[in-house]
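Heavy-atom basis, side chains included; hydrogens, waters and symmetry copies ignored. Labels below follow one simple rule: chain letters A, B, ... track the order of the sequence lines, proteins then strands, and each chain is numbered from 1. Fair warning: this is a prediction, and the values are worked out from it, not measured in the lab.
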Amino acid sequence: MKNIKEHIQEAISSSLAGLDVKIGLENPRNPEHGDLSTNIAFLLAKRLKSSPRKIAEEICRAFKVDSDYLERVETAGAGFINFTFSRAYLLRLAAEILTAGENYGRCDIGKGKRVNLEFVSANPTGPLNIVSARAAALGDSLKRILNACGYRAESEFYVNDAGMQIEKLGESVIARYAELNSIEGIEFPEDGYKGEYIYRIAKKYTPTQTVNWNKLTEQDRNHAGLFAVRDNIKFQDYILRRFSVIFDRWYFESLVRVYKKHIEVSYALMNKGLTFEKDGATYFKSTIWGDDEDRVLWTSDGRPTYFLPDIAYHQDKYDRDFEWLIDIWGPDHHGYIPRMKAALQALEHPPETFTVIIAQQVNLIRGGEKVTMSKRAGEMVTMDDLLEEVGVDAARFFFLQRKASAHLDFDLDLAVKETEENPVFYVQYAHARICSIERFAEGEGVSGEPDWDLLKEKEAFDLMRKLAQYPMVVESCGRNLETPRITMYLGELAYSFHRFYQKHRVVTGDKELSAARLGLCRAVKIVLFNGLDLLGVSAPERM
RNA sequence: GCGCCUGUAGCUCAACGGAAGAGCAACGGCCUUCUAAGCCGUAGGUUGAAGGUUCGAGUCCUUCCAGGCGUACCA
């Protein structure tokens with residue numbers, strides 16, 4: 001049995017007799033416009049020197065309606081052609097969903113391409129913040145979506161466990177340690193990490209045996225810094241796991257440095273004549289690829305900047321045979337995009353193999369006012385605070401409802417207070433309700449293969465039409481690296497189901513009809529489950 | 001100054017260049033029946049402004065206006 005889109009595309013192509021045109025099919029927003037619609041007549045108007053309306057009518061006339069797929073084909077508006085699915089197609093589809101199970105909705109637009117998704121990559125200097133939570137939800141969900149679209153996607157967290165900030169972190173820990181142990185003469189560094197969590201770490205910390213409190217060395221600071229890094233990473237991983245985000249790989253900047261990958265990359269750029277020295281620093285000529293200014297790779301005192309090992313890290317992803325790199329960065333890094341794109345192009349990677357998604361900022365609203373957050377002052381609402389307050393499912397669903405590029409106001413009071421009216425619960429409730437019906441049906445002895453032909457109700461067919469849209473939604477999200485369509489779709493599917501439920505009792509004295517309706521419910525349950533799974537949101541069996 | 005993001009219903013936000021939508025809030029109805037965390041109904045719009053491209057613009061281009069973020073030899 002052919003895919004219905006292919007069926008329509010072939011049927012139109014044959015009536016166009018050799019005209020080479022891509023026939024786009026989309027879901028009309030208005031149900032009166034059928035189940036699929038094409039704008040092909042508009043696109044052909046110029047070439048055929050005719051009006052869209054006339055072309056649409058001609059295509060319509062030539063179109064042989066096969067009732068295995070379609071009930072109706074008609075022109076509308078200024079030249080749209082609308083297709084309405086046939087009863088036979090929809091019933092067959094419901095049966096197919098039961099067979100396909102978790103595979104329903106998958107496609108193969110990715111063709112096995114290996115994708116590396118890097119996200120969160122927060123500094124190991126403290127707890128995760130709210131933007132990290134958003135990036136985590138987005139990245140993890142995109143990984144699930146891409147895998148459902150036939151890509152082989154892996155997730156990666158890059159840990160910046162090297163460089164100045166680690167020393168600074170160590171200095172902060174040592175200062176707090178000194179404070180806790182009444183050791184004199186250690187000042188808290190002016191730009192140190194002031195959060196309460198540093199005390200927590202300092203309490204667990206044991207300084208090096210050789211420590212001289214009057215003269216702290218770089219080694220002392222690094223020792224404390226790495227201790228704090230390990231503690232922070234452990235906590236970050238713990239919170240991410242609670243958020244249903246499990247990274248395939250944690251990649252350490254210190255490893256880049258140990259294996260001198262950054263030096264390799266530095267030489268590679270130098271040998272291409274793409275670097276120069278100025279005021280004792282080494283620059284990369286990123287302006288060649290449109291960056292605003294050339295960027296420093298090595299500082300004048302001989303340290304690599306953050307940028308250089310990061311280039312090496314990205315080169316390493318290519319070396320590990322990833323064909324497409326997707327990075328999700330916070331809004332504070334958007335200025336960083338041109339230089340990284342420049343560096344990767346300089347290393348001869350085609351620009352389309354590297355995509356950056358900026359996860360825009362999140363404003364937390366509490367008591368109708370923006371919660372002010374200052375990392376330096378240590379006033380943060382952290383990711384674990386958020387999980388504590390609104391829960392995993394609500395938090396993920398909220399984040400994924402918005403496209404990444406949109407700023408997001410997250411009203412904490414509302415999310416907590418309105419738990420019962422939360423969109424995620426609406427969708428989950430539909431799933432739980434179907435599970436409940438299944439339990440009831442079992443008790444009533446409803447079983448056996450559904451006789452789909454018994455389904456006649458309008459609401460049942462509305463539901464099947466919705467089920468038919470699901471694969472297109474997944475594919476579209478995979479193509480656009482977006483999630484809001486899925487949350488939106490699940491809301492619509494749940495709505496269609498609740499309507500059906502309200503109007504037609506599933507389990508009745510008529511066992512045959514009950515089995516057919518139960519079959520439809522099970523198809524809905526499968527799609528709800530699959531969709532929620534792409535979001536990393538649970539599908540509860542009872543609520 | 002320059003760069004990026006955003007501006008759509010009272011609020012939060014959708015809408016591959018295709019035929020303006022949802023949820024919440026408001027108002028009015030529906031539980032002897034498989035979960036009322038549900039359903040039905042009412043109301044709500046010059047898509048920030050003005051031009052342009054197009055058969056067709058919330059969407060693309062230009063110029064404004066408003067809000068946010070960024071603009072390091074930090075990460």
Side-chain angles (χ1 to χ4, degrees), chain A residues 24 26-30 32-33 37-39 41-43 45-46 51-53 76-80 82 121-123 125 160 163-165 168 191 253 278-283 292-293 295-307 310 330-338 358 360-361 363 365 398 401-411 414 418-423 425-426 428-430 432-441 443-444 446 472 475-476 479-480 482 484-485 487-488 491-492 494-495 497-503 505-508 514 517-518 521 542-543:
Chain A
E26 65 174 27
N27 294 321
R29 296 203 281 265
N30 183 339
E32 283 171 26
H33 299 145
S37 167
T38 182
N39 61 354
F42 292 104
L43 303 179
K46 209 165 252 179
S51 78
R53 179 94 214 174
F80 292 100
N82 298 333
S121 296
N123 284 323
T125 52
N160 308 123
M164 292 283 276
Q165 59 170 349
K168 194 125 290 156
D191 48 355
E253 181 185 350
K278 197 178 100 185
D279 304 329
T282 306
Y283 285 74
D292 293 336
E293 48 189 291
R295 304 295 173 172
V296 175
L297 299 176
W298 296 94
T299 66
S300 51
D301 53 359
R303 289 177 295 107
T305 58
Y306 173 82
F307 185 34
D310 202 17
D332 50 334
H333 282 64
H334 74 246
Y336 194 75
I337 298 173
I358 295 295
Q360 278 295 343
Q361 69 181 96
N363 293 318
I365 313 291
F398 259 72
Q401 268 183 302
R402 278 98 181 140
K403 56 183 174 188
S405 62
H407 300 202
L408 166 58
D409 283 341
F410 202 121
D411 191 326
L414 208 69
E418 294 201 340
T419 288
E420 297 185 351
E421 285 134 14
N422 221 312
F425 289 104
Y426 181 81
Q428 289 179 317
Y429 182 55
R433 214 176 209 185
I434 294 170
C435 293
S436 173
I437 294 170
E438 282 185 314
R439 289 190 294 266
F440 183 80
E444 297 294 305
V446 175
M472 291 179 256
E475 183 181 326
S476 157
R479 285 188 195 283
N480 300 308
E482 283 179 358
R485 276 167 209 241
T487 60
M488 182 87 52
E492 289 164 5
Y495 171 68
F497 169 72
H498 288 310
R499 257 171 77 93
F500 172 76
Y501 171 92
Q502 205 74 29
K503 200 141 182 192
R505 201 180 155 76
V506 176
V507 180
T508 63
S514 300
R517 287 181 177 169
L518 184 64
C521 289
R542 293 171 201 272
M543 286 174 78

Same-atom distance (P) from B/G10 to B/A49, integer angstrom: 14 Å
Whichever of A/Phe307 and A/Ala432 has its nearest RNA chain B nucleotide further upstream toward 5': A/Ala432
Steps toward side-chain contact (heavy atoms from CB on, under 4.5 Å) verdict (A/His33, A/Phe80): CA-CA 9 Å; A/His33 299 145; A/Phe80 292 100; over 6 Å; no
B/A26 versus B/A43 - spacing of their C1' atoms, nearest Å: 8 Å
B/C61 versus B/A20 - spacing of their C1' atoms, nearest Å: 23 Å
Between B/U63 and B/G3 - P atom distance, rounded Å: 9 Å
Touch class at under 4.0 angstrom, heavy-atom based, for A/Arg303 against every strand present: sugar-phosphate
hbond_proxy A/His334 side chain to B/G3 base (donor-acceptor, 3.5 Å cutoff): yes
Distance between P atoms of B/C16 and B/G7 (Å, rounded): 13 Å
Spatial distance of atom CZ (A/Arg485) from atom CD (A/Glu475) [nearest 0.5 Å]: 11.0 Å
Rounded distance in Å - CD (A/Glu293) to C1' (B/C73): 11 Å
Nearest-angstrom distance from the residue atom CG of A/Asn160 to C1' of B/C74: 11 Å
B/U6 phosphate, OP1 or OP2, under 4.0 Å from A/Ser405 side-chain N/O: yes
Length of the line joining A/Lys168:NZ and B/A72:P, which is rounded to integer Å: 18 Å
A/Ser300 side-chain proximity, nearest of B/C73, B/C69, B/C34: B/C73
Earlier contact from the 5' end, RNA chain B, for A/Ile358 and A/Thr508: A/Ile358
Under 3.5 Å donor-acceptor, A/Arg29 side chain and A/Asn27 backbone: no
A/Arg517 CZ - B/U33 P separation (whole Å): 18 Å
Rounded distance (nearest 0.5 Å) linking atom CZ of A/Arg505 with atom CZ of A/Arg517: 10.5 Å
Distance test, side-chain N/O of A/Tyr306 to OP1/OP2 of B/A72, below 4.0 Å: no
Between CD on residue A/Glu492 and OG1 on residue A/Thr487, distance to nearest 0.5 Å: 9.5 Å
Sugar-phosphate only, base, or nothing, as touched by A/Arg505 at under 4.0 Å among non-hydrogen atoms: base
P spacing across the pair B/A72 / B/U12, given as an integer number of angstrom: 32 Å
Ring centres under 6.0 angstrom apart (A/Tyr426, A/Tyr495): no
B/C69, syn or anti by chi within 90 degrees of zero: anti
Footprint string (nucleotides 11-21 of chain B, 5' to 3'): B base within contact, S backbone only, - free, heavy atoms under 4.0 Å: -SSSSB-BB--
Contact under 4.0 Å: A/Tyr495 side-chain N or O vs B/C40 OP1/OP2: yes
Main-chain N/O of A/Gly77 paired to A/Arg53 side chain as donor or acceptor, under 3.5 Å: yes
Touch class at under 4.0 angstrom, heavy-atom based, for A/Asp279 against every strand present: base
Canonical and wobble pairing (Watson-Crick, G-U, under 3.5 Å) of RNA chain B, dot-bracket with |: (((((((..((((....[..)))).(((((.......))))).....(((((..]....))))))))))))....
Whether A/Asn30 side chain and A/Glu32 backbone form a donor-acceptor pair below 3.5 Å: yes
Nucleotide B/G68, atom P - distance to CG of A/Asp332 in whole Å: 17 Å
Rounded distance in Å - CE (A/Met164) to P (B/A72): 17 Å
Sugar-phosphate, base or nothing in reach of A/Tyr336, heavy atoms under 4.0 Å: base
Separation of the C1' atoms in B/C55 and B/G70, to the nearest angstrom: 41 Å
A/Ile437 CD1 to B/U33 C1', straight-line distance once rounded to whole Å: 12 Å
Expected output: side-chain A/Ser37 to main-chain A/Asn82 donor-acceptor under 3.5 Å: no
Touch class at under 4.0 angstrom, heavy-atom based, for A/Ala430 against every strand present: nothing
Plane angle bin for A/Tyr306 and A/Tyr336 - parallel if under 30°, tilted between 30 and 60°, otherwise perpendicular: tilted
Whole angstrom value for the distance that separates P of B/G38 from CD of A/Gln428: 12 Å
B/U53 to B/A22 separation - P atoms, rounded to the nearest Å: 34 Å
Test item: side-chain donor near acceptor, A/Gln165 and A/Asn160, under 3.5 Å: no
Check: A/Trp298 main-chain N/O paired with A/Thr282 side-chain donor or acceptor under 3.5 Å: no
